[in-house]
Protein chains: 2
Amino acid sequence: MTPDSPPADGGLRDRKKRRTRTALATAALRLVAEHGLDQVTVEEISAAADVSSRTFFNYFPSKDDALIGDQAALNARFVARLAEVPPEVPALAAVRAALGEVIEELQEDRELWLLRMDVVTRNPVLLPRLVSAGAEAERALTDVVAARVGVPADHGFPALLTTVTGAAFRLAALRWAATAGARSLADLVDEAFDALAAGLPDPGPARPSRPSRTPS
Amino acid sequence: MTPDSPPADGGLRDRKKRRTRTALATAALRLVAEHGLDQVTVEEISAAADVSSRTFFNYFPSKDDALIGDQAALNARFVARLAEVPPEVPALAAVRAALGEVIEELQEDRELWLLRMDVVTRNPVLLPRLVSAGAEAERALTDVVAARVGVPADHGFPALLTTVTGAAFRLAALRWAATAGARSLADLVDEAFDALAAGLPDPGPARPSRPSRTPS
DNA sequence: ACGAAACTTTGCACAGCCTGCAAGATCGCC
DNA sequence: GGCGATCTTGCAGGCTGTGCAAAGTTTCGT
């Protein structure tokens, strides 16, 4: 009678796996946030999640990977969104649009990501692993961009666009965490992309649109 | 007391140290280029340089550091050059100008750097360690830029400029090595910075300034 | 419900990276 | 030659990460 339970998603086994995975990830973030990356061992993280340290490495290939989250999946979804943007939109604007949906995903786990970015800020070794975590993801991205603007794959533009926008987005995310989310991530990303689209001109000390309050 | 320098340069001891250092670095590059990063141990590198593996770690804090060269020193010289550029030059152009002198330094060890970039390309784990190797150097750079354009240190522009130009330069260096130096590094850097200054517009299949040979 | 099959967890052994410490070798200088 | 500073080396040890096989758990067919 019992509705033949679909094993793929609702299965007990998968729920357990997901629970341990998040338990390990959150324990890692919490401990590293408190004590620093070098002061936390895999054994301590595993103990906090009630599994053996060997099991830790069944879930994450390295200590770092437990901290940064699944950048590859995020990147894959980003590529998919990018492919959906109408092809007549210029590449830079298309990337910004596709990022908009990634930003929404981050907002859904706001606290987690703020903590994560805080950990990364205080342990800069992790910084390079954010956005474009691997050469593979990076190349998939450049391929999509190359196809979009219609240039050969060995042209410099696609690679330049992806690496530069990746850097800009990562920086925006760090600034977002630095202010504990006071300014919205979307705002900070917009600001960075506006500067990029404008050719990175010097910002005047006095802003034209709104005068600063610097005395005389 | 003797304020006159310890024989910093001509002494036998310093010559020996320099020789060991370059022996370790070149042995590391040669071995890793041939067998791959994971297939080469510190012990093998040390043996190739005729020192103990313990001595290796007296020269380099990690295996990676023997491969990437002294990015910190390079970065420091870059900051110095940047400070010498007249302050009325816009920041992006100033960075490009200062990079010109860095490029000349790389040209002086052309073969070494080509090999190094080749190794980095084939072992992408090393990629993040090029340019802006540390948070410290990065911050020194942003401080100089902030002072140059006259904005507070927490403004987003200086950090954005340094991280973006760093990414662009790194990419240019990789492309340089990918073609074994067929196109000059200066050319590739110019191309990237032109695109940045123009706001990263889509490169049309037909170029406006110089008509391409595409028919019709 | 029972048991086989598939999967997960765990312990163990082991290679490799990296660090602190102390002894010994080498170099600079008088 | 001899003293002090510096460099090299071996040793012990902790941590990361991997392969393997035993033990435990879930799934599925009958």
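The figures here come from the full heavy-atom set of this structure, side chains too, leaving out hydrogens, waters and symmetry mates.
In this structure, CG of Asn58(A) is placed 14 Å from P of dC20(D), rounded to the nearest angstrom. As rounded to whole Å, 15 Å separates atom C1' of dC18(C) from atom CD of Gln39(A). Following rounding to the nearest Å, Lys63(B) (NZ) and dG17(D) (C1') show an atom-to-atom distance of 13 Å. Taking atom CZ of residue Arg15(A) and atom P of nucleotide dT27(D), one finds them 8 Å apart after rounding to whole Å. Atom-to-atom, CZ of Arg19(B) to P of dT8(D) comes out at 11 Å; the value is rounded to the nearest Å. Distance CZ (Phe60(A)) to P (dT9(C)): 12 Å, rounded to an integer number of Å. The interatomic distance linking Leu24(A) (CG) with dT9(C) (P) rounds to 9 Å, in whole Å. Summarising the geometry, the separation between CZ on Arg21(B) and C1' on dC7(D) is reported as 14 Å, rounded to the nearest angstrom.
Taking only distance into account, the side chain of Arg54(A) never meets the base of dG17(D) through a donor-acceptor pair shorter than 3.5 Å.
Looking at the side chain of Thr55(B), the nearest of the listed nucleotides dT9(C), dT18(D), dT8(D) is dT8(D). Taking only side-chain atoms of Thr41(B), from C-beta outward, the nucleotide of dT9(D), dC15(D), dC17(C) with the closest atom is dC17(C). Of the candidates dT16(D), dT26(D), dT10(C), dT26(D) carries the atom nearest the Lys16(A) side chain, counting heavy atoms from C-beta on. Listed candidates were dA5(D), dT26(D), dC18(C). Nearest to the side chain of Arg13(B) is dA5(D). Ranking dC17(C), dC15(D), dT10(C) by closeness to the Val51(A) side chain, first place goes to dT10(C). When distances are taken from the side chain of Tyr59(B) to each of dT8(C), dC7(D), dG17(D), the shortest belongs to dC7(D).
A salt bridge between Lys63(A) and Asp38(A) is absent, with no side-chain N of the basic residue lying under 4.0 Å from a carboxylate O of the acidic one. Ionic pairing of Arg122(A) and Asp118(A) is present here: one or more N-O contacts between side-chain nitrogen and carboxylate oxygen are shorter than 4.0 angstrom. Using a 4.0 Å cut-off between charged nitrogen and carboxylate oxygen, Asp154(A) and Arg175(B) do not count as a salt-bridge pair.
Within 4.0 Å of Phe56(B), counting heavy atoms only, lies no atom of the nucleic acid at all. Among the heavy atoms of the strands lying under 4.0 Å from Ser62(B) are primed sugar atoms or P, OP1, OP2 only; no base atom is included.
Atoms CG and CD, on Leu99(A) and Glu105(A) in that order, are 11.0 Å from each other to the nearest 0.5 Å.
Below 30°, between 30° and 60°, or above 60°: for His155(A) and Phe157(A) the angle between ring planes is above 60°, a perpendicular geometry.
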